[in-house]
There are 2 protein chains.
Amino acid sequence: MKIGELARVTGTPVETIRYYEREGLLAAPARTDGNFRIYEDTHAERLSFIRHCRSLDMSLDEIRILLRFKDAPGANCGDVNTLLDAHIVHVAARIRELRVLERQLKSLREQCPQARDAAHCGILHELSQPACPGAPISGGHVHGAHGGVRK
Amino acid sequence: MKIGELARVTGTPVETIRYYEREGLLAAPARTDGNFRIYEDTHAERLSFIRHCRSLDMSLDEIRILLRFKDAPGANCGDVNTLLDAHIVHVAARIRELRVLERQLKSLREQCPQARDAAHCGILHELSQPACPGAPISGGHVHGAHGGVRK
DNA sequence: TTAACAATCCGTAGTCACTACAGAGTCAAG
DNA sequence: CTTGACTCTGTAGTGACTACGGATTGTTAA
């Protein structure tokens, strides 16, 4: 099948498929005389694997590790379990962070129950205070408030 | 104060302060004869505001909007409330997504209770199946599993 | 005074996982 | 033969920084 069909059956944008090939996640397929990529079912399987992992918010580096295990069927899969456990810990930590955030935002929102002039807005006033000293600024592995839903 | 001191009192990396200036969030300060930036207390206040907003996972664009209100004290702050409400909705949505994710990951983890050879690993096997069709791949405003904690 | 060292300057490139072009080539149907 | 859909490569943009290189400036100790 050509790249468009692979895109359709796996629900992956064409550009993303080419990107995965450049990144070495998906093997370069054979080409037609006209230089079009021709994929086998094995490619579709591997791409489904990658997309399934991505839908679970794994990074491409994590997926690379899992693919190595898939390619070495005799290996012990203990490290797969370890990777998954670590990922679960990441996600759980991010949920906790966002819950704290949500609470802070709601409390902030209560500072200005009605619209008034900006000079007396409790929200703007409160934001001018330094944040709680220990407050971390998100920048790790699991995304914060601006990274969740595709446009 | 020089940039290093501002960095210290606000807990912001020096590079980030210069970045905010380039982005127009922080006004360019006066300079010494030797071309070093000299900041006033007003800069520190404004930077605290920005960092407080960032710690609440707002985007720089959202912060730009809030700063415009801060700079127009006569304006009605209704839009501030609206922005905050929308942000709270974003965060709540991301929490729901991550909870679904966490459940999926834990269920996946149960597929391979003990380490064994990769060929029979229930996790690798399950990941090879296409993901649930509706499963979105994170890419919106609030970060996913890899974006939460600064290194 | 001089030497060492810290702090600062600017500009550019890298991060992650794509996404969006531009401009060219290929293929199938009518 | 032409139209239009598809595909190709390569490059640049996204957000919010972070990290570097190489130059300058400032501070302190000998």
Side-chain angles (χ1 to χ4, degrees), chain A residues 1-8 10-26 28-39 47 50-64 90 136-151, chain B residues 1-26 28-39 47 50-51 53-64 90 136-151:
Chain A
M1 67 187 118
K2 284 192 287 186
I3 198 168
E5 197 185 339
L6 180 62
R8 204 156 6 83
T10 61
T12 312
V14 164
E15 308 282 359
T16 303
I17 295 174
R18 285 196 284 250
Y19 169 72
Y20 288 160
E21 182 182 326
R22 277 201 304 283
E23 288 297 303
L25 290 164
L26 203 55
R31 300 282 186 130
T32 65
D33 288 350
N35 203 33
F36 284 14
R37 289 170 177 84
I38 293 297
Y39 293 97
L47 182 54
I50 295 168
R51 295 300 277 180
H52 195 159
C53 290
R54 283 292 297 134
S55 80
L56 295 172
D57 234 340
M58 295 181 196
S59 71
L60 297 191
D61 272 347
E62 286 172 333
I63 297 171
R64 256 181 273 268
H90 269 135
I137 290 186
S138 158
H141 171 76
V142 180
H143 291 208
H146 303 249
V149 179
R150 159 200 306 251
K151 286 166 241 173
Chain B
M1 69 187 115
K2 284 191 287 186
I3 199 168
E5 196 184 340
L6 180 62
R8 205 158 5 83
V9 304
T10 62
T12 311
V14 164
E15 309 282 0
T16 302
I17 295 174
R18 286 196 283 251
Y19 170 73
Y20 288 159
E21 184 181 325
R22 276 201 304 282
E23 288 297 302
L25 290 165
L26 203 54
R31 300 282 186 132
T32 65
D33 288 351
N35 202 33
F36 284 13
R37 289 170 178 84
I38 293 297
Y39 292 97
L47 182 53
I50 295 168
R51 296 300 278 181
C53 290
R54 284 292 297 133
S55 81
L56 295 172
D57 233 342
M58 296 181 196
S59 71
L60 296 191
D61 272 347
E62 285 171 334
I63 296 170
R64 257 180 273 267
H90 269 134
I137 290 186
S138 157
H141 173 74
V142 180
H143 291 207
H146 304 248
V149 179
R150 161 197 306 249
K151 286 167 244 174

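Chain A is the first sequence line, chain B the second, and so forth, proteins listed ahead of strands; every chain is numbered from 1.
- Note on B/Tyr20: a side-chain N or O is less than 4.0 Å away from OP1 or OP2 of D/dC17.
- Between A/Ile17 atom CD1 and C/dA17 atom P there is a gap of 18 Å when expressed in whole angstrom units.
- Both A/Gly34 and A/Arg22 lie close to DNA chain D; mapped to their nearest nucleotides by heavy-atom distance, the more 5′-ward contact belongs to A/Gly34.
- Counting distance only, with no hydrogens placed and no angle test, the side-chain atoms of B/Glu15 and the base atoms of D/dC20 include a donor-acceptor pair under 3.5 Å.
- The separation between A/Ile3 atom CD1 and D/dA5 atom C1' is 15 Å, rounded to whole Å.
- For A/Leu6 and D/dC8, the CG to P distance is 11 Å, given to the nearest whole Å.
- Between A/Tyr19 and B/Arg31, the residue whose closest nucleotide on DNA chain C is further toward the 5' end is B/Arg31.
- Taking side-chain N and O atoms only, B/Arg37 has no distance below 4.0 Å to OP1 or OP2 of C/dT8.
- With rounding to whole Å, A/Leu47 atom CG is found 11 Å from C/dC18 atom P.
- Two residues, A/Thr16 and A/Phe36, neighbour DNA chain C, and the one matched to the more 5' nucleotide by heavy-atom proximity is A/Thr16.
- In this structure, the CG atom of A/Asn35 is 10 Å from the P atom of D/dG10, given to the nearest Å.
- Rounded to an integer number of Å, the gap from A/Arg54 CZ to C/dC16 P is 12 Å.
- Base engagement by A/Arg18 is indicated by at least one non-hydrogen atom pair under 4.0 Å involving a base atom.
- Here the side chains of B/Leu47 and B/Tyr39 are not in contact, with every heavy-atom distance at 4.5 Å or above.
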Per-residue pairing states of DNA chain C in dot-bracket (Watson-Crick or G-U under 3.5 Å; . unpaired, | other strand) read ||||||||||||||||||||||||||||||
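- Side-chain atoms of A/Arg54 never come within 3.5 Å of backbone atoms of A/Ile63 as a donor-acceptor pair (strictly under, hydrogens ignored).
- Phosphate proximity of C/dC16 to A/Arg64: absent, as no side-chain N or O sits under 4.0 Å from OP1 or OP2.
- Between the CG atom in A/Leu25 and the CD1 atom in A/Ile17 there is a gap of 12.5 Å [rounded to 0.5 Å].
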Does the pair B/Arg31 and B/Ile38 meet the rule for a side-chain contact (heavy atoms from CB on, under 4.5 Å), with working shown?
CA-CA 5 Å; B/Arg31 300 282 186 132; B/Ile38 293 297; over 6 Å; no
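- Heavy-atom distances to DNA chain D give each of B/Leu60 and B/Thr32 a nearest nucleotide, and the one nearer the 5′ end belongs to B/Leu60.
- For the ring-ring contact (aromatic ring centres under 6.0 Å, His included) test, no residue two or more places apart in sequence or in another chain qualifies with B/Phe36.
- Rounded to whole Å, atom P of D/dT18 lies 17 Å from atom CD of B/Glu21.
- Following rounding to the nearest Å, A/Asp57 (CG) and C/dA17 (P) show an atom-to-atom distance of 10 Å.
- If you take CD on B/Glu62 and NE2 on B/His90, they are separated by 7.5 Å, rounding to the nearest 0.5 Å.
- Taken to the nearest 0.5 Å, the CZ atom of B/Arg18 stands 13.0 Å off from the OG1 atom of B/Thr12.
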